Structure formats: C-alpha cells, structure tokens
Amino acid sequence: MDLNTAMQVVMKKALAHDGLARGLSETTKAIERGQCQLCILAENCDQADYKKLIEALCKEKNVNMITVPDAKQLGEWAGLCRIDAEGTARKVVGCSSVVIKDYGEESEGLNVLTSHLKSRA
C-alpha cells in the first residue's frame, strides 16, 4: 500500500468517526486547541499566507504535516464531493488543508502512515 492510498483509507475512517476538520477555519481551531494528530496540506494552494499560517501553527504545536499535490484530490478524500450511482466522485470541491483529530479505528493504512511519519522524524 502506497502513502496516498494509506492517507485515503485513514481519512475515510476518520470521516466516519467525525474526526476530520476541513478548511482554514476548522483546521486552525483544531491545531490551536491541541486536538490535532496530523495535518495534510495541498501543495497547489493559491494563497501563500494560508500555507505559511498552517505550517507555522504545525511547527509551534509540534504537529506532523504531510503535503499532497492537489487540493481537488484532498477535497475528494475529505468527503467534499458527491458520489454518483457508478461510485465516481462528482462536484469535487477543493480543500487546501485537512486535520485529522481522531483516526477512528486501527487499519493497515494507519500503520503505513505512522511508519512513514516515524521514518521522517
């Protein structure tokens, strides 16, 4: 299982357990309150100040941060889309940052993600 698939699995489990904060406002509140376990930031965010704020908060609060290449992809993983009858995502909304507050349940994706974070530290 690669890192992107692992993140997708972990985010789906977190979404099911109400453990995701999506968007700038929810993300900054969760990081400041210390509820955050992992922050995911989109690289193609068009606002430089936005990225600086999230990165600074993560450094200040010692929160692990992972970047993904596309905001639309991050929005789809975070559940900001409609799923049609064939199971494909429609009307995907871009999301520049997501915070995982609760991983939900243990999964193979979580093991891959935690081992990646440990190897980076």
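A quick note: this is a predicted structure, and the numbers were derived from the prediction, not measured.
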Would you give the length of the straight line joining atom [atom1] of [X] to atom [atom2] of [Y], rounded to the nearest 0.5 angstrom?
{"X": "Thr67", "Y": "Ile54", "atom1": "OG1", "atom2": "CD1", "answer": "13.5 Å"}
{"X": "Leu57", "Y": "Asn62", "atom1": "CG", "atom2": "CG", "answer": "12.0 Å"}
{"X": "Leu20", "Y": "Lys13", "atom1": "CG", "atom2": "NZ", "answer": "13.5 Å"}
{"X": "Glu26", "Y": "Gln35", "atom1": "CD", "atom2": "CD", "answer": "11.0 Å"}

Where do [X] and [Y] come nearest, in terms of heavy atoms and distance?
{"X": "Val98", "Y": "Met11", "answer": "CG1-CE, 3.8 Å"}
{"X": "Lys101", "Y": "Ala21", "answer": "CE-CB, 4.3 Å"}
{"X": "Tyr50", "Y": "Ser96", "answer": "CE2-CB, 3.4 Å"}
{"X": "Ala71", "Y": "Asn44", "answer": "N-OD1, 2.9 Å"}
{"X": "Ser97", "Y": "Leu41", "answer": "CB-CD1, 4.0 Å"}
{"X": "Ala30", "Y": "Val99", "answer": "CB-CG1, 4.0 Å"}

query: Quick check: does any side chain N or O of Lys51 sit under 3.5 Å from a backbone N or O of Glu43, one acting as donor and the other as acceptor?
result: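 It does hold such a pair.
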query: Under a single-linkage definition using a 4.5 Å side-chain heavy-atom cutoff for Ile, Leu, Val, Met, Phe, Trp and Tyr, are Ile100 and Val63 assigned to the same hydrophobic cluster?
result: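 Different clusters.
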message: Same cluster or not: Val68 versus Met65, using hydrophobic residues (I, L, V, M, F, W, Y) connected whenever any side-chain heavy atoms lie under 4.5 Å apart?
response: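 No, it is not one cluster - the side chains of Val68 and Met65 are not joined through contacts under 4.5 Å.
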message: Counting C-beta onward and ignoring hydrogens, is there a side-chain heavy-atom pair between Leu24 and Gln47 closer than 4.5 Å?
response: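 When only atoms from C-beta onward are counted, Gln47 and Leu24 do not touch, as no gap falls below 4.5 Å.
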